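Have a look at the structure below before the remarks.
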There are 2 protein chains.
Amino acid sequence: MSRKRLPALSPAETEILRLVWLLGRGTVQQVCDKLPPRRRIAYATVQTLLRRLEKKGYVRHESQGKAHVFSPAAEREEVIRRTVGDFVDRLFGGDPLPLMLHLADHSKLDADNLKRLKKFFAKKKP
Amino acid sequence: MSRKRLPALSPAETEILRLVWLLGRGTVQQVCDKLPPRRRIAYATVQTLLRRLEKKGYVRHESQGKAHVFSPAAEREEVIRRTVGDFVDRLFGGDPLPLMLHLADHSKLDADNLKRLKKFFAKKKP
DNA sequence: TGACGTGTTGTACAAATGTACGATAATAAT
DNA sequence: ATTATTATCGTACATTTGTACAACACGTCA
């Protein structure tokens with residue numbers, strides 16, 4: 001696989017890409033419907049964002065009749081890794097620990113998730 | 001304290017702001033010197049970024065002789081919280097757990113930090 | 001077959017971003 | 001004082017980003 005670095009994602013693009021991952025495959029309309037109520041963006045705007053994501057290589061589309069069906073075109077894990085990495089670099093100089101502690105502190109974790117984390121770290125080896 | 005939402009930070013601004021936090025107080029030159037070798041930005045660019053950070057309310061400056069000495073003007077914890085929150089929203093739809101697990105998985109934690117995390121989670125209550 | 005809805009394309013555009021040069025002002029060295 | 005050194009300021013500018021309208025295409029239903 002051609003592991004070339006894709007162009008950076010803008011915040012809005014990131015948001016849309018997340019929805020494409022969530023859907024697996026979906027039309028512009030379906031992506032719109034998945035938008036959180038808080039974050040209302042016009043259909044046309046989502047369209048543009050998807051177009052740009054495609055140009056950048058993050059999604060592809062296939063024409064299904066009239067509509068376009070979009071689907072991921074890049075390894076999600078890889079994109080996440082890079083995006084998180086960049087974020088940690090900028091805000092914490094590359095050290096992930098402060099972020100982890102911050103998240104652990106400020107996130108309202110339900111008992112279930114907390115248990116998962118406890119277990120995860122209990123058995124994690126150096 | 002006037003808890004008003006400051007304008008969003010751009011990636012480059014975030015990076016510079018981190019250095020101001022790191023320094024406590026510092027001139028443009030000192031900020032430049034703290035830039036990681038990878039991320040070389042011209043003096044003039046750092047200057048502009050600091051100017052914008054000041055306009056947005058993230059830093060202040062006091063003239064010390066010829067040079068300007070910049071220092072933080074916003075609560076770091078608060079800024080971090082908001083920045084991280086936005087990031088989690090965009091990339092994970094607001095759920096911090098996937099990010100925590102991702103970090104735990106992909107970060108090379110030395111034994112010391114791992115111990116800290118183990119302890120942290122062991123005694124964390126829901 | 002012609003009007004209707006739905007979706008896509010092209011295009012636009014102001015604001016934000018990243019980056020930096022040239023002019024000017026203040027300092028320090030000679 | 002005159003010059004060399006620095007730092008700031010104003011300004012600039014190509015891109016990118018966020019947002020979206022108008023025009024055009026393709027099936028669909030009457």
Side-chain angles (χ1 to χ4, degrees), chain A residues 5-20 23 25-71 83 86-87 89-91, chain B residues 5-20 23 25-36 38-71 82-83 86-87 89-91:
Chain A
R5 251 184 302 320
L6 300 160
L9 288 167
S10 82
E13 285 167 355
T14 305
E15 201 164 1
I16 297 302
L17 180 56
R18 178 178 73 80
L19 299 179
V20 176
L23 288 167
R25 3 180 309 113
T27 65
V28 178
Q29 196 52 253
Q30 291 174 304
V31 172
C32 282
D33 294 343
K34 279 285 180 232
L35 278 171
R38 277 290 165 227
R39 193 84 179 80
R40 255 304 131 59
I41 319 177
Y43 183 99
T45 304
V46 174
Q47 229 167 192
T48 301
L49 262 355
L50 282 169
R51 246 181 281 165
R52 289 179 184 166
L53 281 171
E54 180 158 34
K55 178 151 300 177
K56 289 189 180 180
Y58 288 96
V59 307
R60 83 181 81 255
H61 87 272
E62 83 207 66
S63 298
Q64 194 155 67
K66 59 201 168 189
H68 284 188
V69 180
F70 291 86
S71 51
T83 304
D86 288 351
F87 181 74
D89 283 347
R90 273 185 262 110
L91 197 54
Chain B
R5 251 183 304 320
L6 300 161
L9 288 166
S10 81
E13 284 167 355
T14 305
E15 200 163 3
I16 298 302
L17 180 55
R18 177 178 74 80
L19 299 179
V20 176
L23 288 167
R25 357 179 319 112
T27 66
V28 178
Q29 196 52 253
Q30 290 174 303
V31 171
C32 283
D33 294 342
K34 279 286 181 231
L35 278 171
R38 279 287 167 224
R39 192 84 180 78
R40 256 302 132 58
I41 318 177
Y43 182 99
T45 303
V46 174
Q47 228 170 193
T48 299
L49 262 355
L50 282 169
R51 246 181 281 163
R52 289 180 185 165
L53 281 171
E54 180 159 36
K55 178 150 302 176
K56 290 190 180 180
Y58 288 96
V59 307
R60 83 180 83 254
H61 87 273
E62 81 206 68
S63 297
Q64 194 155 68
K66 59 198 170 191
H68 283 188
V69 179
F70 291 86
S71 51
R82 203 166 45 67
T83 304
D86 289 351
F87 181 74
D89 282 347
R90 273 185 263 106
L91 197 54

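Just the heavy atoms: all of them, side chains too, but no hydrogens, waters or symmetry mates, feed the values below. Everything numeric here is computed off the predicted structure, so don't read it as measured data.
- Within the 4.5 Å cutoff, the side chain of A:Leu53 has heavy atoms near those of the A:Leu9 side chain.
- In this model, the phosphate group of C:dG18 is not approached by any side-chain N or O of B:Arg40 to a distance below 4.0 Å at OP1 or OP2.
- Contact check, A:Arg51 against D:dG18: no side-chain N or O comes under 4.0 Å of OP1 or OP2.
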Intermediate values then yes/no, side chain to side chain contact (heavy atoms under 4.5 Å, CB included), B:Ile16 and B:Val59: CA-CA 10 Å; B:Ile16 298 302; B:Val59 307; over 6 Å; no

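- A side-chain donor-acceptor contact under 3.5 Å links B:Tyr58 to the backbone of B:Pro7.
- In this structure, A:Leu35 places its CG atom 14 Å from C1' of D:dG18, rounding to the nearest Å.
- Ionic pairing of B:Glu15 and B:Arg39 is present here: one or more N-O contacts between side-chain nitrogen and carboxylate oxygen are shorter than 4.0 angstrom.
- A straight line from CD of A:Gln29 to P of C:dG7 spans 6 Å, rounded to a whole angstrom.
- Between B:His68 and D:dC9 there is a side-chain polar atom (N or O) within less than 4.0 angstrom of OP1 or OP2.
- Applying the 4.0 Å criterion to OP1 and OP2 of C:dA20, one finds that B:Thr45 has a side-chain N or O inside that range.
- For A:Tyr43 and D:dC21, the shortest distance from a side-chain N or O to OP1 or OP2 is not below 4.0 Å.
- Rounding to whole angstrom units, CG of residue A:Asp33 and C1' of C:dT6 are separated by 14 Å.
- Residue contacts for B:Ala44: at a heavy-atom cut-off of 4.0 Å it reaches a base atom on one of the strands shown.
- Among the nucleotides C:dT19, D:dG18, D:dT19, the one closest to the side chain of A:Pro11 is D:dG18.
- Rounded to whole Å, the distance from CD on A:Glu54 to C1' on C:dT8 is 12 Å.
- Remark: A:Lys66 is not in phosphate contact with C:dC4, judged by side-chain N or O atoms under 4.0 Å from OP1 or OP2.
- In this entry the distance linking NZ of B:Lys55 with C1' of D:dC9 reads 12 Å, nearest Å.
- To the nearest angstrom, P of C:dT9 lies 15 Å from CG of A:Leu49.
- Distances were taken from every side-chain heavy atom of A:Lys56 (C-beta onward) to each of D:dC9, D:dT17, C:dT17; the shortest belongs to D:dT17.
- Between B:Gln47 and C:dA20, a side-chain N or O to OP1/OP2 separation shorter than 4.0 Å is absent.
- Atom pair A:Ile41:CD1 and D:dT17:C1' shows a separation of 12 Å (rounding to whole Å applied).
- Listed for the A:Arg18 side chain is a donor-acceptor partner under 3.5 Å among the backbone atoms of B:Arg90.
- On a pure distance criterion of 3.5 Å, no polar donor-acceptor pair joins the side chain of B:Thr27 and the base of D:dA7.
- The aromatic rings of A:His61 and A:Phe70 lie tilted to each other, with the angle between the two planes from 30° to 60°.
- Applying the 4.0 Å criterion to OP1 and OP2 of C:dG18, one finds that B:Thr48 has every side-chain N and O outside that range.
- When each of D:dA20, C:dA20, D:dG18 is scored by its nearest atom to the side-chain atoms of A:Arg52, the top-ranked nucleotide is D:dG18.
- Rounded to whole Å, atom C1' of D:dG18 lies 17 Å from atom CG of A:Leu17.
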